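Since this is a predicted model, take the numbers as computed values, not measurements.
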Amino acid sequence: MPAQPDLPLRPMTLGELLDAAISLLRARAVPLLGAAAVLALLEQVLLVTLRTAAFATPPYYGPARGHFAAWWGATAAGFATEAFILTLLGALAAAAAGPALIGRAVRHRELWVRTRPVATVCAAVLLGAAGGVGFFLGAVPWLILFGLFGFAAAVLVIDRSANPFTALGRSAGLATRGGIRGLWTLLAAYVTWFAIRFALGSGWVSIFSLLSGGDPGWLTWITPAAWTIANTVAYSALACVAAVVSLETRIRTEGLDIAIGRARARGEDDSAPLVYTR
């Protein structure tokens with residue numbers, strides 16, 4: 001008999017989906033937050049150079065007068081790295097979500113083997129490049145891209161899609177089912193966490209700078225550190241949301257829960273139905 005699953009094997013409301021994602025993050029905090037911290041730090045190192053070239057100053061990094069084009073390019077690069085990171089972390093979260101759904105114990109270090117690193121990195125590069133171009137063209141295309149293809153990593157890892165391109169198509173299919181429920185759920189989670197990390201990344205730094213006199217030298221290094229911490233949590237949470245929503249969408253529209261129940265009743269491997277074979 002399988003252990004009690006960590007994720008509900010049934011359709012969920014939006015609130016339940018977000019709660020389930022946080023539960024998954026708590027259970028896998030060590031690998032997810034650790035990987036997210038490294039990626040978020042590397043992202044800030046890259047962006048510091050681009051922001052300096054664009055004369056963007058902390059804590060908000062808004063556009064400087066006469067340098068809007070450079071600022072917009074730097075911001076687009078930031079959203080490109082964001083799409084790249086969310087895809088990488090999405091694979092790690094998906095590697096944890098599948099076993100959590102069927103109540104199977106998997107050690108933290110075993111998750112890395114399940115992530116299909118080559119295919120995942122290829123998908124991350126594709127989505128990172130597309131995300132950068134999408135934001136550069138007006139920001140809205142980036143949101144649409146995230147909503148449609150945010151499940152790509154989960155499809156690669158859980159559904160075992162053949163390659164990054166079929167994963168993108170499968171992700172768009174899941175996102176647009178049931179009145180584009182998956183897309184709206186991802187966007188709702190993204191907007192929520194964007195507000196949270198904006199507060200964590202710049203809000204308290206801004207308040208502290210007012211109280212301390214706002215030393216520019218101090219802000220130069222403390223603000224990227226604050227954004228690194230904020231993005232570490234937000235990126236991990238969003239990766240978990242994508243993994244959980246992809247599974248819930250399959251339960252809701254493909255009867256994944258029924259297929260798992262039948263496999264168990266027959267004494268078969270209950271992880272087999274997780275693989276999408278159509």
Are R104 and D270 close enough that some pair of their side-chain heavy atoms sits under 4.5 Å apart?
yes

Examine the side chains of D269 and S271 and answer whether a donor and an acceptor come within less than 3.5 Å of each other.
yes

So how far is it from L9 CG to I251 CD1, rounded to the nearest 0.5 Å?
5.0 Å

Could you check whether E254 pairs with R170 (Lys NZ or Arg NE/NH1/NH2 to Asp/Glu carboxylate O, under 4.0 Å)?
yes

D257 with R252: basic N within carboxylate O range, under 4.0 Å
no

Verify side-chain contact (heavy atoms from CB on, under 4.5 Å) between L50 and T75, making sure each step is shown before the conclusion.
CA-CA 9 Å; L50 297 177; T75 304; over 6 Å; no

side-chain contact (heavy atoms from CB on, under 4.5 Å) evaluation trace for F55 with R65:
CA-CA 9 Å; F55 297 92; R65 180 173 298 179; over 6 Å; no

Spatial distance of atom CG (L32) from atom SG (C240) [nearest 0.5 Å]:
5.0 Å

Give the cluster check for L33 versus V244: same hydrophobic cluster or not, with ILVMFWY residues linked at side-chain heavy-atom distances below 4.5 Å.
no

Indicate if L145 and V133 have the same hydrophobic cluster label, given that clusters are the connected sets of ILVMFWY residues with side-chain heavy-atom separations under 4.5 angstrom.
no

Thinking salt bridges, do R28 and E110 make one under a 4.0 Å N-O criterion?
no

With a 4.5 Å limit on heavy-atom distance, are the side chains of F198 and W227 in contact?
yes

Could you check whether any side-chain N or O of T249 sits under 3.5 Å from a backbone N or O of G182, counting only pairs where one atom can act as donor and the other as acceptor?
no

Go through R262 and E268 one step at a time and tell me if the side-chain contact (heavy atoms from CB on, under 4.5 Å) criterion holds.
CA-CA 8 Å; R262 287 175 177 171; E268 299 171 352; over 6 Å; no

Contact check, side chains of R264 and I102, non-hydrogen atoms, under 4.5 Å:
yes

Could you tell me if the side chain of F135 sits less than 4.5 Å from the side chain of L143, heavy atoms only?
no

Please check if the side chain of E248 supplies one atom and the backbone of M12 the other of a donor-acceptor pair under 3.5 Å.
yes

Do W71 side-chain atoms and Y61 backbone N/O form a donor-acceptor pair below 3.5 Å?
yes

So, the side chain of R197 versus the backbone of T232: is there a donor-acceptor pair under 3.5 Å, distance only?
no

Which atoms form the tightest heavy-atom contact between T115 and T120, and what is the distance?
O-OG1, 2.6 Å

Can you confirm whether more than 12 heavy atoms, excluding those of F165, are under 6.0 Å from its CZ atom?
no

Whether the side chain of D159 engages the backbone of S161 through a donor-acceptor N/O pair (distance < 3.5 Å, no angle test) should be reported.
no

Could you state the interatomic distance from CG (L92) to CG (L88), rounded to the nearest 0.5 Å?
9.5 Å

Are any non-hydrogen side-chain atoms of L14 and W184 less than 4.5 angstrom apart?
no

Please find the pair of heavy atoms, one from P31 and one from L111, that lie closest to each other, and give the distance.
CG-CD1, 4.2 Å

So how far is it from L238 CG to F194 CZ, rounded to the nearest 0.5 Å?
11.5 Å

For residues A35 and W112, report the shortest heavy-atom separation together with the two atoms involved.
CB-CH2, 3.8 Å

How long is the span from the CG atom in L168 to the CZ atom in F151, to the nearest 0.5 Å?
13.0 Å

Pair L156-R160, side-chain contact (heavy atoms from CB on, under 4.5 Å): steps then yes or no:
CA-CA 5 Å; L156 279 171; R160 311 302 291 183; over 6 Å; no

Looking only at side chains, do T228 and Q44 share a donor and an acceptor under 3.5 Å apart?
no

Within a strict 4.5 Å, meaning less than it, do heavy atoms of the W72 and H67 side chains meet?
no

Is there a path of hydrophobic side-chain contacts, each under 4.5 Å between heavy atoms of I/L/V/M/F/W/Y residues, joining V121 to L86?
yes

Compare every heavy atom of L24 with every heavy atom of A100, then report the nearest pair and how far apart it is.
CB-CD1, 4.2 Å

Might you point out which heavy atoms bring R181 and L17 nearest each other, and give the distance in Å?
NH2-CD1, 3.9 Å

Would V30 and L39 show up in the same hydrophobic cluster when neighbours are defined by side-chain heavy atoms closer than 4.5 Å?
no

Hey, could you give me the CG/CG distance between L256 and L101, rounded to the nearest 0.5 Å?
6.0 Å

Are any of the side-chain heavy atoms of R114 and P99 separated by less than 4.5 Å?
yes

Sub-6.0 Å ring centroid separation between Y235 and W193
no

Report yes if some heavy atom in the side chain of T57 is under 4.5 Å from a heavy atom in the side chain of R51; otherwise report no.
no

So if you build clusters from Ile, Leu, Val, Met, Phe, Trp, Tyr with side-chain heavy-atom gaps below 4.5 Å, do V45 and I85 land together?
no

Heavy-atom closest pair (E43 atom, N231 atom, distance to 0.1 Å) is OE1-ND2, 3.6 Å

Okay, side chain of S171, backbone of A167: is any donor-acceptor separation there less than 3.5 Å?
no

